[in-house]
There are 2 protein chains.
Amino acid sequence: MADVKSEPAQSFLRDEELRQAIELLFFAYRDFTAEPDAILAKWKFGRAHHRVIYFVGRHPQISVTELLGILKITKQSLSRVLGQLVRDAYIVQRPGLRDRRQRLLELTERGKELERQLSETQRALIARAYRAAGGGSVEGFRKVLLGMINEEDRRRFPRPLTGTGPR
Amino acid sequence: MADVKSEPAQSFLRDEELRQAIELLFFAYRDFTAEPDAILAKWKFGRAHHRVIYFVGRHPQISVTELLGILKITKQSLSRVLGQLVRDAYIVQRPGLRDRRQRLLELTERGKELERQLSETQRALIARAYRAAGGGSVEGFRKVLLGMINEEDRRRFPRPLTGTGPR
DNA sequence: CGAGATGTGTCAATATGGCTGACGTAAAAT
DNA sequence: ATTTTACGTCAGCCATATTGACACATCTCG
């Protein structure tokens with residue numbers, strides 16, 4: 001139970017506001033993934049492949065363990081998807097120099113091309129939304145999403161804005 | 001095409017900014033669904049059940065076709081999940097009055113209880129993020145997400161804010 | 001009234017992407 | 001030398017999605 005009666009208007013508005021956020025996230029995420037999903041279908045790949053390609057592209061030389069940490073899936077789940085991408089030459093693996101047990105992952109040219117194609121649709125979608133919302137909104141968007149992310153992964157996102165470091 | 005070389009710094013920053021958004025969405029959505037997923041697992045349900053329960057709770061008397069329109073899945077996919085929820089008495093179906101072909105959906109008390117439990121964790125997560133980000137950020141968050149949603153579904157979200165009223 | 005469109009359910013087949021548990025091997029760390 | 005770590009793999013299970021076809025009741029419209 002727990003509502004309406006006990007705290008009349010204030011909690012009702014609050015609940016409504018929060019539910020709107022739930023729905024915004026649902027619809028936005030659904031549309032956010034729709035285009036890449038369609039592209040991937042042509043290659044007989046799925047969303048899981050996209051995630052792997054994206055993060056390998058983002059972090060060249062990433063180790064399998066690190067990638068598992070980002071995706072939060074099991075080794076076996078990753079293995080099937082990663083195996084396909086390696087076999088089809090979208091990703092290459094090579095032993096780490098410091099630690100030769102590692103298989104460091106990197107996109108091939110082919111992989112980069114697919115990555116570009118996939119993320120382009122998403123970047124365009126976000127760019128459009130950013131433009132429509134106006135510059136002031138972007139900061140709020142980032143802050144709220146950041147607040148939804150667990151402490152640990154939050155550290156992946158540097159300072160207040162895209163600016164700071166050299167890089 | 002289109003990068004780095006042609007427009008040196010500006011497009012680089014822009015790309016970086018957009019990629020951050022991609023990742024924010026990925027991590028936030030992942031964490032956003034983690035808790036409900038864990039709860040659902042106890043009931044042997046999955047995320048699909050959550051979506052159905054949520055939207056039926058949100059739109060009592062919704063028809064199957066309308067629900068399909070929201071979820072953007074096929075009738076067959078919905079049917080299995082919905083069938084379970086009806087069999088287990090989380091949802092009741094009854095013929096529409098105006099159109100008796102329709103099976104209008106509604107949560108039972110049991111369904112409402114589960115809905116409350118599931119969405120509570122999400123509302124709490126968002127409330128925390130809203131608080132941390134500050135009131136000014138919420139508007140931006142909403143605007144950007146809204147801009148990512150297709151024209152049609154965007155209409156589901158009424159006015160600028162939850163508080164055309166007092167508050 | 002009758003024909004067609006609509007809302008819903010269902011059957012069969014298939015694919016994807018998660019999971020657990022167990023085991024193996026190479027290399028690093030202690 | 002032993003233990004731990006990084007990675008791979010096998011086998012099996014389950015949830016969720018797909019397409020295509022068909023059936024039935026009911027509504028709508030000429």
Side-chain angles (χ1 to χ4, degrees), chain A residues 26 29-30 33-34 36-56 61-88 91-106, chain B residues 26 29-30 33-34 36-56 61-88 91-106:
Chain A
F26 168 77
Y29 202 76
R30 189 197 59 181
T33 53
D37 283 356
I39 294 172
L40 288 155
K42 295 182 207 159
W43 269 261
K44 306 286 181 182
F45 288 154
R47 199 176 296 178
H49 300 83
H50 185 187
R51 293 195 284 253
V52 170
I53 286 176
Y54 182 85
F55 284 107
V56 171
Q61 312 290 333
I62 194 176
S63 73
V64 171
T65 302
E66 285 173 303
L67 186 53
L68 287 174
I70 288 178
L71 301 178
K72 293 239 179 95
I73 59 175
T74 59
K75 192 172 39 160
Q76 295 76 0
S77 295
L78 174 60
S79 136
R80 188 168 12 83
V81 171
L82 182 56
Q84 288 174 279
L85 292 171
V86 168
R87 268 197 303 283
D88 296 356
I91 287 178
V92 281
Q93 298 175 299
R94 34 182 183 185
L97 294 180
R98 291 184 345 217
D99 182 341
R100 288 178 324 198
R101 291 172 303 180
Q102 295 181 324
R103 299 282 198 282
L104 304 185
L105 307 174
E106 205 165 353
Chain B
F26 168 77
Y29 201 77
R30 191 196 59 182
T33 52
D37 283 356
I39 293 172
L40 288 154
K42 295 182 205 157
W43 268 261
K44 306 286 182 183
F45 287 155
R47 201 176 294 179
H49 299 83
H50 186 187
R51 295 194 283 252
V52 171
I53 286 176
Y54 182 85
F55 283 107
V56 171
Q61 312 290 332
I62 193 176
S63 75
V64 171
T65 302
E66 286 172 304
L67 187 53
L68 286 174
I70 289 177
L71 300 178
K72 294 237 178 98
I73 59 175
T74 60
K75 192 172 40 161
Q76 296 76 1
S77 294
L78 173 60
S79 138
R80 188 178 10 88
V81 170
L82 183 55
Q84 289 175 279
L85 291 171
V86 168
R87 268 197 304 284
D88 295 357
I91 287 178
V92 281
Q93 297 175 300
R94 34 182 183 187
L97 294 180
R98 291 181 348 216
D99 184 339
R100 287 179 324 200
R101 290 170 304 178
Q102 295 181 325
R103 300 283 198 279
L104 303 185
L105 306 174
E106 205 166 352

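Quantities reported herein were computed from a predicted structural model and do not represent experimental measurements. Sequence lines set the chain letters: A, B, ... in the order given, protein chains first and strands last, and positions in each chain run from 1. Keep in mind that the numbers below use all heavy atoms, side chains included, and drop hydrogens, waters and symmetry copies.
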Could you tell me the separation between the CG atom of B/L40 and the C1' atom of D/dC14, rounded to a whole number of Å?
15 Å
Checking side-chain contact (heavy atoms from CB on, under 4.5 Å) for the pair A/F55/A/L105: CA distance, chi angles, key distance, verdict?
CA-CA 10 Å; A/F55 284 107; A/L105 307 174; over 6 Å; no
Could you tell me whether the phosphate oxygens of C/dG21, OP1 or OP2, come under 4.0 Å of any side-chain nitrogen or oxygen in A/Q76?
no
Taking N and O atoms by type only, does the side chain of B/R80 place a donor or acceptor under 3.5 Å from a partner on the base of D/dA15?
no
Atom-to-atom span, CD1 of B/I73 to P of C/dT16 - whole angstrom:
19 Å
Is it true that A/F26 and B/Y54 have ring centroids separated by less than 6.0 Å?
no
From the options D/dC7, D/dT18, C/dG17, select the nucleotide whose nearest atom is closest to the side chain of A/V81.
C/dG17
What are the two closest non-hydrogen atoms of A/I70 and B/R30, and how far apart are they?
O-NH1, 2.5 Å
In whole Å, what is the span from the CD atom of A/Q93 to the C1' atom of D/dC7?
9 Å
Can you work out whether A/L78 or B/K75 has the more 5'-proximal nearest nucleotide on DNA chain C?
B/K75
Rounded to the nearest 0.5 Å, how far does CG of A/L40 lie from NE2 of A/H49?
8.5 Å
Phosphate-side-chain proximity, B/S79 and C/dT8, N/O vs OP1/OP2 below 4.0 Å:
no
Considering all heavy atoms of both residues, which atom of A/Q93 and which atom of A/L82 are nearest to each other, and what is their separation?
NE2-CD2, 4.3 Å
Taking 4.0 Å as the cut-off, does a side-chain nitrogen or oxygen of A/H49 come that near to OP1 or OP2 on C/dT16?
no
Rounded to the nearest 0.5 Å, what separation is found between the CG atom of B/L97 and the CD atom of B/Q102?
9.5 Å
Would one find a side-chain N or O of A/T74 under 4.0 angstrom from OP1 or OP2 of C/dC19?
yes
Does B/Q84 reach a base, just sugar-phosphate, or nothing at all? Heavy atoms under 4.0 Å.
nothing
Interatomic distance where CG belongs to A/L85 and C1' belongs to C/dG17 [whole Å]
13 Å
Grab the two heavy atoms, one from B/L104 and one from B/Q61, that are nearest each other, plus how far apart they are.
CD2-O, 3.4 Å
Can you tell me which nucleotide in D/dA17, D/dC7, C/dG7 comes closest to the side chain of A/T65?
D/dC7
d(NZ, B/K44; C1', C/dC19) in whole Å:
12 Å
A/I91 CD1 - D/dC7 P separation (whole Å):
14 Å
Can you measure B/D37 atom CG to C/dG17 atom P for me and round it to whole angstrom units?
17 Å
Specify the separation, in whole Å, of atom CG of B/L82 and atom P of C/dG7.
16 Å
Please list residues of residues 95-106 of chain B whose heavy atoms come under 4.0 Å from any atom in DNA chain D, ordered by number; otherwise none.
B/R98, B/D99, B/R100, B/R101
